[in-house]
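Chain letters run A, B, ... following the sequence lines, proteins first and then strands; every chain starts at 1. Since this is a predicted model, take the numbers as computed values, not measurements.
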Protein chains: 2
Amino acid sequence: MYVSPPDEEIESKKSVVDYKKSVSRRGVLAELYQSEVSTLAQLAKSLHSSVPSITNIVEELVAEKWVSTFGTAVGNHGRRPVLFGLNTQDKYVAALDISTHDTKLVIMNLQREVIFRKDINLGLEDNPRFARALLEFTRNALAESKVEASHFVAIGISMPGLIQFQSGTNMTYRRINQEEKPLSSIISEEFNLPVFVINDTKATVLGEHRFGLARGKKHVLAINIDWGVGLGIILNGEIFQGASGFAGELGHIQIDPDGELCHCGKVGCLDTITSARSLIRRVQRGLGEGRVSKLSAYMDHIEDIDIEMIIEAALEGDAFAIDILFDVGTVLGKGLSMAVHLFNPEIVIVDGIVVKADQFITNPIGQAINKYCLSDFRNDLSIEISQLGERAKWIGIHIYVMDQLLATI
Amino acid sequence: MYVSPPDEEIESKKSVVDYKKSVSRRGVLAELYQSEVSTLAQLAKSLHSSVPSITNIVEELVAEKWVSTFGTAVGNHGRRPVLFGLNTQDKYVAALDISTHDTKLVIMNLQREVIFRKDINLGLEDNPRFARALLEFTRNALAESKVEASHFVAIGISMPGLIQFQSGTNMTYRRINQEEKPLSSIISEEFNLPVFVINDTKATVLGEHRFGLARGKKHVLAINIDWGVGLGIILNGEIFQGASGFAGELGHIQIDPDGELCHCGKVGCLDTITSARSLIRRVQRGLGEGRVSKLSAYMDHIEDIDIEMIIEAALEGDAFAIDILFDVGTVLGKGLSMAVHLFNPEIVIVDGIVVKADQFITNPIGQAINKYCLSDFRNDLSIEISQLGERAKWIGIHIYVMDQLLATI
DNA sequence: TTCGTTTTATAAAAATATTAACAAATTATT
DNA sequence: AATAATTTGTTAATATTTTTATAAAACGAA
């Protein structure tokens, strides 16, 4: 099993020179990670170091296969600088994207380019059987990818739930763990690689922040809406986890004191209003009250109705479906406005199945924010729909893995 | 008028050596600020530098009167090290603590020891007259203190309201500013000193975090309860301001959709339940319904009842007052639980007039958090009552001023 | 095409920081 | 009380980094 070395010991053993070198190495890698390619001069400037020093470090990183050259820049005035970037050949990150419906394994190089992808119809379940199936799938997929085992630097996992980030334990799906061992340890042991687990919505906001719509913004909220509601938070340009890794639990904030009972045991949670079950009930009630709608077609097997069908109906102009989306959006906007008051973000990114509904969902959300937020908070705030789609999550996993990994380099 | 130099220009002009030196100097000052006194060896270790280098920097800072020696340490094994700490003689910070009831001016040395204090019965009002009165008071108080003008390094101001931290403009009290000039500029111009403005609750949480109950904690919420509700937030060990400086606006989150109209124009804000007006109405209604209470004594001039009187009655065992505090605490706890879900803090500190009610307010708050928070959030969370009192705010102003100031050294 | 300007890259010189060495000061141990 | 063990503080030696200088490469204008 991969054992990450205890930090303090290393630090205390290291000489001052070694420490500073390590900081510089990390700085160079982080800079190249964000900028794709860069020149020695640019690196020297942004790392507050001299060109000869940076040249040394980069040469070392090239020898270690972290970095490679990418030709020369063009267009400038003087001599053309050599471009350096993260090596796209010899080091890879495997990302496991686990949702309640299916699981995807994506292999990316250091530049986040997907070089292999395999999907499996394995939805997240809270039992040890899931862990075994996931391990099996991962083993097969990695073998199938034909990437040499020694070329993997780490495995990243994104999944829903409250994830204790220090240990990688998912508190919402506790029965996945085998014999007190968290999922991350099981996988780490199997492949002898460091494994990092991150909540799916947090992964998404990381992707959107570093390489999507929220690029360069300091404070970002990303709300992911499908069967539940998740909130990913970037503060001061970094993912915000909170004390245990649970920060951003918007779904179980009480929205309606007279609402229905939530599976968490509380009443009127935001989740109870956006959940599939709640939607079905709403449709049922509406149709029962004689509302005319395309959704009546599903009257016989009403349990199969999900938010995707309602969105489709709305896009086709169905008034009943549009009303339902409006109600859902209003409640989401109300919940979001609380987060806006507390976080005062620059941008809110909306993500998840719901984005297909476009205006039908963003309008009520915007409207609710206007209604429930103080004007000073709204003035500098923009609300956007994610454009990276599922890639945001993979990129986010990659970013998280690299962030954790760099801390040990 | 004091003009802070534009950052980028300086940075680009500075050589790499100068930049690194500046970082080290700031590091030493920050370390001494937090540790009161420290040895060269300790400084070297925590700043990842060698003892000779640190010796150089400290000698320089001693020459500039930032640092002085504090004798030698005792108790250790070998030779006794010389202790260094921030100079308590030659540099001072003036703090203006402005509330809606009164204003205090406090002069502190670099070690946050109060060497002068003057109070004035001048409550914050939203008009230019207030700014003039404040200026007058400040001028007199500083003169009275007999501290040489050249010995002041900066002025810090704490006040309620939404404060745009980049400019120091208070958006809630806009009419304080004269001819488009924010209050901070007016004062800065008058005394030719850098002026930094911070929201009062944010100042409090800074104080509690660095030198109070929350010392060393990474994620801290401090809720200040008197006539309104304020939330101060420490995340990753630093004050969290949000994009504009408005983060933590808990008071205008909707708690009760059927509640009363708030002065902000919205309905059922948390503030409407804890406000003095709302309390009075509640007392009035209760007494009208025939409740027996010591508060009946105020029946004739019911408008004068404030939360302090209710607390006193509760402490004397008055059941009606206890009930009212219970209700208020429950609502506060409900609001807090939203913040707990979003921030996942390690500790919540309760502050403000309400702390006099002790158990009568912390019990319902704790109870509500139990009711409205998921258990995973409660497990590692402690709720404590502030012990620094009014000093927390002054210390917080001092911390904020020094943080800002150090960035320019 | 040639020359001046601009930028990069490398080599040498200068500056700076770290390490190692040792003396001084203090505590624990014999 | 003397000695060993520890820790600090200073100096000198070593190592590293930055700065300066210079050559190479590219572009644009005359």
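As judged by a 4.0 angstrom heavy-atom cut-off over every strand, B:T39 is placed among residues making no nucleic acid contact. Across all strands shown, A:K20 has heavy atoms under 4.0 Å from sugar-phosphate atoms exclusively, and none from any base. Residue contacts shown for A:V74 are absent, as no nucleic acid heavy atom lies under 4.0 Å away.
To the nearest angstrom, P of C:dA17 lies 14 Å from CG of B:L47. One can place OH of B:Y19 at 16 Å from C1' of D:dT17, the figure rounded to the nearest angstrom. In this structure, CG of B:N56 is placed 16 Å from P of C:dA15, rounded to the nearest angstrom. Atom CG in B:L83 sits about 12 Å away from atom C1' in D:dT8, given to the nearest Å. Between the C1' atom of D:dT17 and the CG atom of A:L40 lies a distance of 16 Å, rounded to the nearest Å. Separating the NZ atom of B:K45 from the C1' atom of D:dG9 is a distance of 18 Å, rounded to the nearest angstrom. Spacing between atom NZ of B:K21 and atom P of D:dT18 amounts to 15 Å, rounded to whole angstrom units. If you measure from atom CD1 of B:I57 to atom C1' of C:dT16, you get 11 Å, rounded to the nearest angstrom.
In this structure, B:V205 and B:I239 have side chains that are in contact, with non-hydrogen atoms separated by less than 4.5 Å. Side-chain contact between A:F240 and A:K202: absent, with no pair of heavy atoms (C-beta onward) separated by less than 4.5 Å. Counting heavy atoms from C-beta on, the side chains of B:L206 and B:I198 come closer than 4.5 Å.
Around the NZ atom of A:K21, the shell of radius 6.0 Å holds no more than 12 heavy atoms that belong to other residues, nucleotides or ligands.
Between B:A44 and B:I54, the shortest heavy-atom contact is CA-CG1, 3.6 Å.
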Q: Determine, for nucleotides 19-27 of chain C in 5'-to-3' order, which nucleotides have protein heavy atoms under 4.0 Å from the base (write B), from only the sugar-phosphate (write S), or from neither (write -).
A: B----BBBS

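Aromatic pair B:Y33/B:H398: centroids less than 6.0 angstrom apart.
Note on A:S49: a side-chain N or O is less than 4.0 Å away from OP1 or OP2 of D:dT18.
Residues passing the ring-ring contact (aromatic ring centres under 6.0 Å, His included) test with B:Y400, sequence neighbours excluded: none.
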